[in-house]
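None of the values given here were measured: they were computed from a predicted structure. First the proteins, then the strands, lettered A, B, ... as listed; each starts at 1. Atom set for the values below is all heavy atoms of this structure, side chains included, hydrogens, waters and symmetry mates excluded.
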There are 2 protein chains.
Amino acid sequence: MNEIKQSSPPATSNSEDNTLSGQTTIALREAIVTGQILPGEKLNEPKLAKQHSVSRGPLREAIRRLVSMGLVEHKPHVGASVIPLEVNRVIELYEVREALEGMAASLAATHMSEEGIGELKQLLELHRQHYQDNSGEYMQAEGDFDFHYLIIKGSGNALLTQQLCNELYHLIRMFRFQTSRFKARSNRALVEHEQLIYAIENRDSALAEMLMRRHISRAKESIRTYLTTEKP
Amino acid sequence: MNEIKQSSPPATSNSEDNTLSGQTTIALREAIVTGQILPGEKLNEPKLAKQHSVSRGPLREAIRRLVSMGLVEHKPHVGASVIPLEVNRVIELYEVREALEGMAASLAATHMSEEGIGELKQLLELHRQHYQDNSGEYMQAEGDFDFHYLIIKGSGNALLTQQLCNELYHLIRMFRFQTSRFKARSNRALVEHEQLIYAIENRDSALAEMLMRRHISRAKESIRTYLTTEKP
DNA sequence: AATGGCCAAATTGTTGACAATAAAGCCATA
DNA sequence: TATGGCTTTATTGTCAACAATTTGGCCATT
């Protein structure tokens with residue numbers, strides 16, 4: 001009962017199909033995100049096809065989808081490989097997130113339903129209690145996703161939601177997994193979430209955007225200093 | 001000699017490969033963008049494969065890439081079809097552009113090289129002369145792309161550039177083609193571009209972002225009123 | 001011993017046939 | 001005549017074999 005509900009975010013249970021290529025996409029995606037296939041590692045088609053008990057057709061299709069998610073690079077006549085974990089890429093991802101999720105927060109402040117705002121409050125309360133009970137460790141990982149997902153969905157912009165929740169989402173997950181030793185910032189995040197809800201509740205789109213952007217920008221800077229100092 | 005250089009933007013000469021699937025992707029993409037295949041139209045695999053003289057394998061791969069560009073929708077066991085042209089989608093696209101290109105302008109103000117700024121000025125001068133000579137009609141289409149592309153590239157953010165120039169770019173082209181009867185705003189665009197260059201030159205990232213966002217937001221509103229009044 | 005070109009192995013790109021699913025039309029029945 | 005279920009047909013999903021390209025290693029030459 002200590003489990004947080006895994007319903008809201010599109011986590012693993014994406015709206016994928018039940019075709020072989022769809023299932024293979026999910027399997028490969030999770031293998032990459034959870035580090036079973038390492039950054040930079042090459043994706044050998046015959047080998048992976050045998051592993052997943054499919055022919056090369058569906059497997060190639062799965063690889064293509066991973067390319068469109070940004071998890072995999074592909075060079076003609078050479079092959080596909082998991083994207084290497086470079087500091088620059090992480091920074092760039094956070095800059096794109098800042099732009100996109102900032103807009104999402106702004107739109108959510110305008111369009112989000114009262115019901116949606118209620119869900120946000122409910123989630124915040126859940127996180128707050130969990131923070132008091134435990135040492136407040138994990139929330140940064142799973143909990144943050146739920147929160148951001150609700151806001152993105154609340155923007156009412158399907159393209160924006162698609163870009164963030166289907167394309168970039170798994171890239172974020174992967175980077176976060178690879179740098180998971182680095183936690184911190186759990187209490188501050190709680191306060192920042194609270195302020196964000198307040199702004200959305202008051203239909204203050206400019207403030208909501210600013211808070212969201214600052215929220216992400218701070219995370220970016222934390223990661224930047226972490227990755228550039230402890231690396232060599 | 002009246003032709004504007006087509007070098008800078010990734011227009012048709014994308015960094016695609018020389019494989020069949022790559023060429024088919026380009027061919028199909030252009031057919032969709034230029035309206036040879038209409039919005040909402042279904043993509044019949046055997047028929048298209050025969051048309052382009054390839055087998056269904058590469059063609060399916062091409063379709064998948066178009067899906068990742070947002071030009072095509074795909075339902076399992078049903079098939080792919082060109083995305084329908086709805087007002088909401090256009091508005092949503094402009095909102096995403098506003099967020100992404102706003103960030104690009106901000107980053108460009110910080111990172112763009114003096115040389116890049118020089119190119120911007122050069123391009124602006126070209127547009128200004130063309131506006132004086134002719135009635136200043138087309139610039140909105142081709143010219144605007146060049147300008148925005150230079151700024152996006154100047155951001156130095158590869159992911160951002162990838163998202164805008166490879167994924168969303170052709171969606172913009174398609175919508176712009178489908179609503180091409182609607183021009184206007186040619187002189188104002190010139191002034192707005194001039195202001196933007198000024199902001200970037202002065203390394204004023206906040207101003208650059210604001211001007212770019214307003215630039216796109218205005219275009220959005222123009223299109224919104226145009227599409228919602230003249231439609232029925 | 002280092003370098004250059006050539007050959008072979010492994011991997012990717014492509015093809016056509018086969019299987020599974022969904023849409024459309026038909027017939028029977030109420 | 002309208003409706004429901006069935007059959008047929010067209011289309012998508014999958015497979016295994018074939019062709020083309022790259023990479024790595026080998027040998028000859030300088």
Handout entry: Centroid separation B:Y94 to B:F175 less than 6.0 Å
Key = no
If the condition is salt bridge (charged side-chain N to carboxylate O under 4.0 Å, His left out), which residues does [X] pass it with, not counting sequence neighbours?
X: B:E41; value: none
X: A:R64; value: B:E61
X: B:K220; value: B:E95

Determine all donor-acceptor pairs shorter than 3.5 Å in which one atom belongs to a side chain in residues 98-108 of chain B; sequence neighbours excluded.
from   : atom 1 : to     : atom 2 : distance (Å)
B:E98  : OE2    : B:R213 : NE     : 3.1
B:E98  : OE2    : B:R213 : NH2    : 3.2
B:E101 : OE1    : B:H148 : ND1    : 2.6
B:E101 : OE2    : B:R97  : NE     : 2.9
B:E101 : OE2    : B:R97  : NH2    : 3.1

Q.
Need two values: the first and the last nucleotide of DNA chain C, 5' to 3', having an atom under 4.0 Å from any heavy-atom of chain A.
A.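 So the outermost contacting nucleotides come out as C:dT11 to C:dT14.
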When you compare the side chains of B:S113 and B:E115, does any donor N or O come within less than 3.5 Å of an acceptor on the partner?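 B:S113 vs B:E115: no donor-acceptor pair found between side chains.
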Just wondering, do A:R173 and A:H170 contact through their side chains at under 4.5 Å, heavy atoms?
yes
Expected rows: protein N/O vs nucleotides 8-14 of chain D N/O, under 3.5 Å:
from   : atom 1 : to    : atom 2 : distance (Å)
D:dT11 : OP1    : B:N44 : ND2    : 3.0
D:dT12 : OP1    : B:K42 : NZ     : 3.1
D:dT12 : OP1    : B:L43 : O      : 3.3
D:dT12 : OP2    : B:E45 : N      : 3.4
D:dG13 : OP1    : B:H74 : NE2    : 3.4
D:dG13 : OP1    : B:H77 : N      : 3.2
D:dG13 : OP2    : B:R60 : NH1    : 2.7
D:dG13 : OP2    : B:R60 : NH2    : 3.3
D:dG13 : N7     : B:R56 : NH2    : 2.8
D:dG13 : O6     : B:R56 : NH1    : 2.9
D:dT14 : OP1    : A:L20 : N      : 2.3

